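Protein chains get the first letters and strands the later ones, always in sequence-line order, with residue 1 at the start of each. Side chains are part of it too, since the values below use all heavy atoms of this structure and drop only hydrogens, waters and symmetry mates. Being a predicted model, the structure only gives us computed values, none of them experimental.
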Number of protein chains: 2
Amino acid sequence: MDIADLIARDRPRFRTATAFVESVLREAILSGALPGGTPLRQEELAAGFAVSRMPVREALRQLEAQALVDFTPHKGAVVTDISAQDAADNYAIRAALEPAALRLSVPHLTHEDFDRAEALIAEMDAEGDLARLGELNRRFHLTLYARAGRPRLLALVEQHLAAADRYLRFHFAALGRDHMAQDEHAALLAAARAGDAEGAARIAQAHVETAARNIEAFFARR
Amino acid sequence: MDIADLIARDRPRFRTATAFVESVLREAILSGALPGGTPLRQEELAAGFAVSRMPVREALRQLEAQALVDFTPHKGAVVTDISAQDAADNYAIRAALEPAALRLSVPHLTHEDFDRAEALIAEMDAEGDLARLGELNRRFHLTLYARAGRPRLLALVEQHLAAADRYLRFHFAALGRDHMAQDEHAALLAAARAGDAEGAARIAQAHVETAARNIEAFFARR
DNA sequence: TCTAGCAAGATTGGATCCAATCGACAATCG
DNA sequence: CGATTGTCGATTGGATCCAATCTTGCTAGA
């Protein structure tokens, strides 16, 4: 999706221009529309969003705090580029957080949650578009974590899941989309359904770690 | 330490006013000098820092992304207040991240690291000031995690350790400083020294979880 | 007396303007 | 001929100004 589309579609949803610019830029970075290393010129962005430089600057500051852009004084902001180290970092964090979220959440999951998760697995089987596939994958995992009752923990997981989409792009490009590991998703859901929080946590951890290995192998091979 | 002191001391260390304001405000919030719920008026802060409102606004945006202040459009920023839920969140995150960092770090720790950690334990025994005690505690843990080779993971751990100081203040007030659990620190160091990453990780997790229970009990009792 | 509404002050959001810094290229000096 | 320095354009950092919105308190009417 182009940036212009995002602008036209979402502007009314935000009360302030700053929040709007921040949201669009974040999605653009996470979706890969703005690849790592892209310099973000304030004037240019301001013109694109039809606002002044100020909301752009504030938005860039927020993205800096989220480690999505790098700031250098008097040189400006650049989209953080994705390295093998960053990927390893991301997966190490997720491998720690997601099993923890699962352990807290599984005891409180409802039938509706399980049904929704199952439907998402089916949708993933049918979906062809990669961006959409990443979105479905995120929603599947977040559905299973949602009942953890720890909003900050969930926000962290969500943030790092979204960031992982940037690597997922390489993942698919290198290995094909059958590496989405749908059987692991099914096993995860089954364990959660059985109330086996510990087993589910183990599967989730292994799930993240195999993904990490795949990405690592991909980076090593070039 | 007063805000005025921080201002006088640290201004030359920063290239830009924004970075300076952000740093001072963050420390002030984490140290408890600015308690939760404090409204942060831009004009007032700008006058205090002898700058205009703009760097203050940018700094506040960054703190917002770090969940240290809450923004409401046209109403301004307020220091995020610490609730039992926030504390539980913080400890859940740390209970997941710190053992992971430890597992990665222990195999690469050096004799110097162990010596430094041991010295920090001794310093904690001798230290009376609470703020300084929290700082020593942080440095002890971070020393053991430092060789994990995952900068983002470490940054997350550091951020949440620092945030925990806000709760630690209550912890000590309620339970006395002997609850610092120095014996657990010693056990943690011993396991790390023995190269037992798994054992160290277990101790660290238990360490965080008992702290979480203490805080929870404290919040429940009022 | 109580409430709805309006008006003034306070405060933030956004735009515009000026200053400081960086990068590149050219001119000068050894 | 190479290194250094100075100047200019581009870009960001910071200050000031204006607009939008929220809050507060007063007033008028039921």
When we call it a touch if two heavy atoms are under 4.0 Å apart, what does A/R41 touch: a base, just sugar-phosphate, or nothing?
-> sugar-phosphate
With a 4.0 Å cut-off, would you call B/E216 and B/R213 a salt bridge?
-> no
Residues of residues 65-80 of chain B with any non-hydrogen atom less than 4.0 angstrom from an atom of DNA chain D: list those, numerically ordered, please.
-> B/H74, B/K75
Whole Å only: how far is the CG atom of A/L45 from the P atom of D/dT11?
-> 12 Å
May I ask you to say whether A/R61 pairs ionically with A/E58, meaning some side-chain N is under 4.0 Å from a carboxylate O?
-> no
Nearest-nucleotide wise, let me know which of A/E43 and A/M54 is further upstream toward the 5' end of DNA chain D.
-> A/E43
Passes salt bridge (Lys or Arg N to Asp or Glu O under 4.0 Å), B/E135 versus B/R132? Steps please.
-> CA-CA 5 Å; B/E135 161 84 15; B/R132 198 82 194 105; 5.2 Å; no
Could you tell me the separation between the CZ atom of A/R53 and the P atom of D/dG14, rounded to a whole number of Å?
-> 11 Å
Is A/L40 touching bases, backbone alone, or none of the nucleic acid, heavy atoms closer than 4.0 Å?
-> sugar-phosphate
Round to a whole Å and report the spacing from CD of A/E64 to C1' of D/dT12.
-> 14 Å
From B/R116 atom CZ to B/T110 atom OG1, the distance as rounded to the nearest 0.5 Å = 6.5 Å
Do the side chain of A/D113 and the main chain of A/T143 share a donor and acceptor less than 3.5 angstrom apart?
-> no
For C/dC22, does either OP1 or OP2 sit under 4.0 Å from a side-chain N or O belonging to B/R15?
-> yes
Report the nucleotide, chosen from D/dT16, C/dG14, D/dG13, that has the shortest atom-to-atom distance to any side-chain atom of A/R57.
-> D/dG13
Hey, are the side chains of A/S31 and A/D165 touching, using non-hydrogen atoms and a 4.5 Å cut-off?
-> no
Interatomic distance where CD belongs to B/Q42 and P belongs to D/dC22 [whole Å] | 15 Å
State which of C/dG13, D/dG13, C/dA15 makes the closest approach to the side chain of A/V51.
-> C/dA15
Spacing between B/F20 atom CZ and D/dG13 atom C1', to the nearest angstrom = 16 Å
Below 4.0 angstrom from OP1 or OP2 of C/dG13, is there any side-chain N or O of A/T18?
-> no
Between A/H185 and A/N137, does a side chain to side chain donor-acceptor pair (under 3.5 Å) hold up when you go through it step by step?
-> CA-CA 9 Å; A/H185 284 162; A/N137 180 52; 3.3 Å; yes
